[in-house]
Amino acid sequence: MSSRTVPPHTASTRAASARTTVRVRGRRALVTLTATSAALTAFTLPATAASPGGPAHASQGGNGNQAITLDGSRAFPESVAADRHFVYASSIGDGTVYRGRPGAATLEPFLPAGQDGRTQAAGIKITGDRLLVAGAFTGRFFVYSTSGRLVATYTVPDTGEQTLVNDAAVAPDGDVYITDSLRAVVYRIPAAEVDGPATGAHRTLRAAYHLPDYVAGQSNGNGITTAPDGTSLIIGYWYSGALYRLDLTTGAVRRIDAPPLPSADGIVRRGDTLYVARSVNNEVTELRLSAGSTRAVVVSERTFPGADTTTGVAVSGGRLLVTNSQMDTYLYGAPLTSPAFTVESLPLR
């Protein structure tokens, strides 16, 4: 998506990136913030997490990779989305939403940090003239018009549980479904509310479905997208790496027959192909779905020089956009791997 190529990474940058990966694996934890106290909580990594750069990984560097820079000192881009007009990225660091034209070298602040109580931003999606922003550990969710007007804000029910409002998918009927990685539910916002007038109304998120196999204290349901049939959703679990199919007609939730993908984060689908950003593994796994989305076969695993906690993924034209979130650095408070925050743009094939 950028007109410039990624500058060669220096040896010190590569070493810093390697140290980041080692630090994550050495601690065998991701650290999260609770919505109420901002205290640090350890998330044990799956024991099967693969090491970046191993035999199954083919570096794509030098094959048309490009970088899009975010103009912010605390960007920590968690998610990315694109339509034919703009590319958007969300900041877990301070809640800023960045935007730029396709092909731009830089994304500029579009929705300022802290506006409307948006102090963190995770999954970001576009549907028509609406921009959907998950509020991460704050337990909030935001609907904006693409002109920047606040349509509505939402907050999770006050149950006393920790929350991580993580990602969203839009069904063909316009309803929005939202994952909460720390609560075994999928929330639903009706299309009528999403498309309603921009009044800035405040509402409570309502659980539509309950999910199985949640492990207490771990990050579970994360990335979410629609299945090709349009009547079901596909949800990836960060901790176990499992994929699940949620039937919107019956409410049945079944595990998809697929290899485990530990640290599965953002997910995007194009036709019967899934692209799964795997944050700790610093790669994007491409899978082919069977008819009915009951099985998924790994087609390829891609990484690139400088990949740094790849939490988000989107498809834009013939490009794959991947966030270099530096999430572990944000959570640990360690020195930045790189002072520049970027979204990597890779050839789709």
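Everything quoted here is computed from the prediction, not taken from an experiment. Residues take their numbers from the sequence shown, with the count starting at 1.
The minimum heavy-atom distance between Trp238 and Ser279, with the atom names listed, is NE1-OG, 3.0 Å. Across all their heavy atoms, Leu182 and Gln218 have their closest contact at CD2-O, 3.5 Å. Of all heavy-atom pairs between Ala122 and Val165, the closest is CB-O, 4.1 Å. The nearest pair of heavy atoms linking Ser293 to Pro228 is OG-CD, 3.3 Å.
A distance of 9.5 Å separates OG1 in Thr204 from CG in Asp158, rounded to the nearest 0.5 Å.
Remark: side-chain polar atoms of Gln120 are paired, donor with acceptor, to backbone N or O of Phe137 under 3.5 angstrom. The closest donor-acceptor contact from the side chain of Gln326 to the backbone of Thr337 lies under 3.5 Å.
A continuous path of Ile, Leu, Val, Met, Phe, Trp and Tyr side chains, each step under 4.5 Å between heavy atoms, connects Ile126 with Val97, placing both in one hydrophobic cluster. Follow the hydrophobic side-chain contacts under 4.5 Å out from Val268 and you never reach Val170; the two are in separate clusters. Residues Ile68 and Phe341 are members of one and the same hydrophobic cluster, defined by side-chain heavy-atom contacts under 4.5 angstrom among Ile, Leu, Val, Met, Phe, Trp and Tyr. Val156 and Leu164 fall into different hydrophobic clusters, where Ile, Leu, Val, Met, Phe, Trp and Tyr side chains are chained together by heavy-atom contacts under 4.5 Å. Residues Val299 and Tyr275 fall into different hydrophobic clusters, defined by Ile, Leu, Val, Met, Phe, Trp and Tyr side chains chained together at heavy-atom separations under 4.5 Å.
Salt bridge annotation for Asp94-Arg74: absent, with no cationic side-chain nitrogen under 4.0 angstrom from a carboxylate oxygen. Note on Asp167 versus Lys125: salt bridge recorded, some NZ/NE/NH1/NH2 to OD/OE distance being below 4.0 Å. Asp229 has a carboxylate O that lies under 4.0 Å from a charged side-chain N of Arg245, or vice versa, which qualifies the two as a salt bridge. We find that Asp265 and Arg278 are not joined by a salt bridge, their nearest charged nitrogen and carboxylate oxygen being 4.0 Å or further apart.
Within the structure, every pair that satisfies the ring-ring contact (aromatic ring centres under 6.0 Å, His included) test and touches residues 182-224, not counting sequence neighbours, is listed here: Tyr214-Tyr237.
The hydrophobic cluster containing Val276, built from Ile/Leu/Val/Met/Phe/Trp/Tyr side-chain heavy atoms closer than 4.5 Å, also comprises Ile234, Leu243, Ile256, Leu261, Ile267, Leu274, Leu287, Leu289, Val298.
For the residue pair Tyr144 / Arg118, a side-chain donor-acceptor distance below 3.5 Å is found, with atom types taken as modelled.
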Run the side-chain contact (heavy atoms from CB on, under 4.5 Å) check on Ile124 and Ser79 step by step: do they pass? CA-CA 6 Å; Ile124 187 167; Ser79 184; 3.5 Å; yes
Evaluate Thr199 against Val151 for side-chain contact (heavy atoms from CB on, under 4.5 Å), listing each step before the verdict. CA-CA 5 Å; Thr199 62; Val151 176; over 6 Å; no
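Aromatic ring orientation, Phe76 versus Tyr330: tilted (interplanar angle from 30° to 60°).
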